[in-house]
Number of protein chains: 2
Amino acid sequence: MALPDTSKRVTLTQVARAAGVSVMTASYTYNQPSRVSDESRAKVLAAAAELGYAGPDPRGRSLRRGASRALGVVLGEHLSYAFEDPQAAAFLAGIADVCAEHAYGMTILPITGAADDVARIRSAAVDAFILWTTTEDDPVVAAVRAMKRPAVVHGGPAVPDLGLVSIDNRAAARAVGEVVFAHTNRPAIVSFPLTRDREGGIISGPDTTRVLFPVTRHRLEGYRQAAEAAGLAWKDVIVAVCPRNDPSEGERAAAMLLASPEPPDAIAAMSDQLASGILQAAHTAHHGVPTDLAVTGWDDAPIAADLGLTTVAQSLRAQGSACAQAALGQEAPLNSPWSIVRRRTTRP
Amino acid sequence: MALPDTSKRVTLTQVARAAGVSVMTASYTYNQPSRVSDESRAKVLAAAAELGYAGPDPRGRSLRRGASRALGVVLGEHLSYAFEDPQAAAFLAGIADVCAEHAYGMTILPITGAADDVARIRSAAVDAFILWTTTEDDPVVAAVRAMKRPAVVHGGPAVPDLGLVSIDNRAAARAVGEVVFAHTNRPAIVSFPLTRDREGGIISGPDTTRVLFPVTRHRLEGYRQAAEAAGLAWKDVIVAVCPRNDPSEGERAAAMLLASPEPPDAIAAMSDQLASGILQAAHTAHHGVPTDLAVTGWDDAPIAADLGLTTVAQSLRAQGSACAQAALGQEAPLNSPWSIVRRRTTRP
DNA sequence: CTGTTAGCGCTTTCAG
DNA sequence: CTGAAAGCGCTAACAG
């Protein structure tokens, strides 16, 4: 392959010399063209074209200006899954909208879970950070704080000095829980991971105070409030934990639950992705929805409408935009709106 | 919101002074700790902790080193769709894998189609570029060339001085075309856009030389070869163009085709996403697959296996990794592998 | 093992 | 409208 040789890049000084003007005139030609006479500007541009000047080098410029015009986005341990998760994709699209509008770059900081994540954050030339939902003890959060730059967390945790953009997950979970657990005897929840090692499994009435992902913890607390309001005991609520946000995980979890001697008659899922797998499993196991089994999702993704799924509506895209605006120091809605969308997978 | 004040950042010089050592000793403490005595290192780290030093500033470092340790990724005009397209997501994940491995950042450069795209590329502090499939006349390609940095194009176009990572789209299209058009009278193609304005529509036997996206052009040429090899005239091949790579677009196009007086009996789609919509439309219109209608997709995404879809297998993730490696100046496979996966949507 | 010197490429400041 | 000076924060190269 014959890729261009980076070392050959021409500098602004060389262009100025070739044009027979000072460096500043050359600089103004690029940054404040109106300050330069037509004649000088023409000379500079001609010299630049002649030498093949690629424009002011961003590195020198950002050092001098003290700003890189880029936002850093930290996506959490499982980077490859982040791109596969439609909600994460929507979130990124929201950030991208704002970046495009403000002519900012958007630097994705790959996190692997290894110790060198911190080094990658330290060496990122970005003006502000956005963190996708994580745990309170995530070392990445500490690393971002140490950078002393503006930073906004999406979902949680709430961290001193950092912004937080989120819906009220507890209230939303309670609201959707009241719908799905109504007139129910054997409630279940299909949940995101409770711990950073993301292990799956089935437990009942888990100790929510030990759940390290705040978003997941708040949702469990909300579901719990709803269950108890419906006269159900938290210790009787089955929680199936899925390591990944994927329909196949939801299907596997639901298949297991439905095969038990006392299968659940209501399942609240933490995403529409998981819920779609649950509906699939219900279909396979010949459980009627919502007659035998009520199901709710979360997000109101396009698939929810297709499936007639009752769910919590929120806009990850709008939340991504809000994070980016807040990171850029603008006014932005920190408390994002949500609502319950009732469809056919719950009883009226 | 109380985000930290960027201006307060401490410099390495201040740390050195506070520690009572030279700046270089402080610098070595961070970059080559083994070169520094335990005692000095401790003093430096203590001073850094005391002052709240955030570590060497990436801006000064990249200017001095002449490298930013970041890869720029240019995703094409419709940035928000890029995140929604599962294949683009897989491609990004492949890039991210390599970036994580080499401790590089990954800067997504939002492209809107407006004139300022070029400015955003010029001001990106990245060491190399990766371009997602685009047209030959895309101004962004020219802008990237002008940067005089290593750059790799995925899919196409082939550009002098830039690398190219791709499968042989023409050969793959011919191969899958031979499967789907076998024993067929009324062939159709559901295609990606032919022009940069991405307008949809239905035409027959288009002039492929006028298709500006090389990937799409090569696929059409391959399909054409297959159709002609099967004794069909290119002018009789219907091509439905979908503005976006989305199942609903495929469904809409197929519904229209199937409602015509002489509906197609074979449809080759340029993605599994489009093909899944086509299968949905066939189901709705009571066309048996593959009896009344043979269908093929492209990509071998997870959904293809679920649907029993005959398709072209390729790994966008591997291609993303190859692009990133090539951009970093390493050996990488430029001709990516592909194969035909025969399943139930075509006749044996 | 530590320190001095020089300068990466650019733009802010201020003086013509 | 143009230019000279200074320095952003850091590290390669070399000398002690």
Side-chain angles (χ1 to χ4, degrees), chain A residues 6-44 47-48 51-69 119 122-127 147-149, chain B residues 6-44 47-48 51-69 119 122-127 147-149:
Chain A
T6 303
S7 59
K8 274 200 224 154
R9 276 180 60 110
V10 178
T11 81
L12 189 57
T13 313
Q14 293 168 32
V15 172
R17 185 163 25 228
V21 299
S22 77
V23 207
M24 278 323 298
T25 301
S27 178
Y28 288 138
T29 299
Y30 287 95
N31 296 303
Q32 303 172 51
S34 60
R35 259 185 82 164
V36 177
S37 69
D38 291 353
E39 191 190 2
S40 297
R41 194 179 329 121
K43 278 196 289 186
V44 170
L51 298 175
Y53 179 56
D57 188 319
R59 293 188 251 274
R61 175 182 272 180
S62 31
L63 175 58
R64 180 63 239 226
R65 297 219 265 229
S68 305
R69 291 175 183 271
R122 286 179 110 91
S123 66
V126 299
D127 299 330
M147 291 302 282
K148 307 245 176 113
R149 300 202 181 281
Chain B
T6 304
S7 59
K8 271 199 224 154
R9 276 180 60 110
V10 179
T11 82
L12 189 58
T13 313
Q14 292 169 31
V15 172
R17 184 162 28 229
V21 299
S22 77
V23 207
M24 276 323 295
T25 301
S27 177
Y28 286 139
T29 299
Y30 287 94
N31 297 302
Q32 303 171 51
S34 60
R35 262 185 81 163
V36 176
S37 70
D38 291 353
E39 191 192 359
S40 297
R41 194 180 328 122
K43 278 196 291 188
V44 170
L51 298 175
Y53 179 56
D57 188 317
R59 293 189 250 274
R61 175 182 272 182
S62 15
L63 176 58
R64 179 64 239 223
R65 296 217 269 227
S68 305
R69 291 176 183 270
R122 286 180 109 91
S123 66
V126 300
D127 300 330
M147 292 301 283
K148 307 247 177 114
R149 299 202 182 281

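In what follows, chains carry the letters A, B, and so on, assigned in the order in which the sequence lines appear, proteins first and then strands, with residues in each chain numbered from 1. Keep in mind that this is a model prediction, so the values were computed, not measured.
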Annotated protein contacts, base or backbone, on nucleotides 9-16 of chain C with a non-hydrogen cut-off under 4.0 Å, one of B, S, - each: BBBBB---
Those residues that, when tested against B/Glu39, pass side-chain contact (heavy atoms from CB on, under 4.5 Å) (two or more places apart):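 B/Glu39 satisfies side-chain contact (heavy atoms from CB on, under 4.5 Å) with B/Ser37 once adjacent residues are dropped.
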Sugar-phosphate only, base, or nothing, as touched by B/Ser40 at under 4.0 Å among non-hydrogen atoms: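 Contact class for B/Ser40: sugar-phosphate only.
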N/O (side chain, B/Ser37) to phosphate O (OP1/OP2, C/dT2) under 4.0 Å: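 Checking C/dT2 against B/Ser37, a side-chain N or O does come within under 4.0 Å of OP1 or OP2.
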Do [X] and [Y] come within less than 4.5 Å of each other through their side chains, counting heavy atoms only?
X	Y	value
A/Thr11	A/Asp57	no
A/Asp127	A/Ser68	yes
A/Arg59	B/Arg64	no

Exercise: do B/Arg61 and A/Ser123 side chains pair donor with acceptor under 3.5 Å: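 B/Arg61 vs A/Ser123: no donor-acceptor pair found between side chains.
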B/Arg69 CZ - D/dC10 C1' separation (whole Å):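 For the pair B/Arg69 CZ and D/dC10 C1', the rounded distance is 14 Å.
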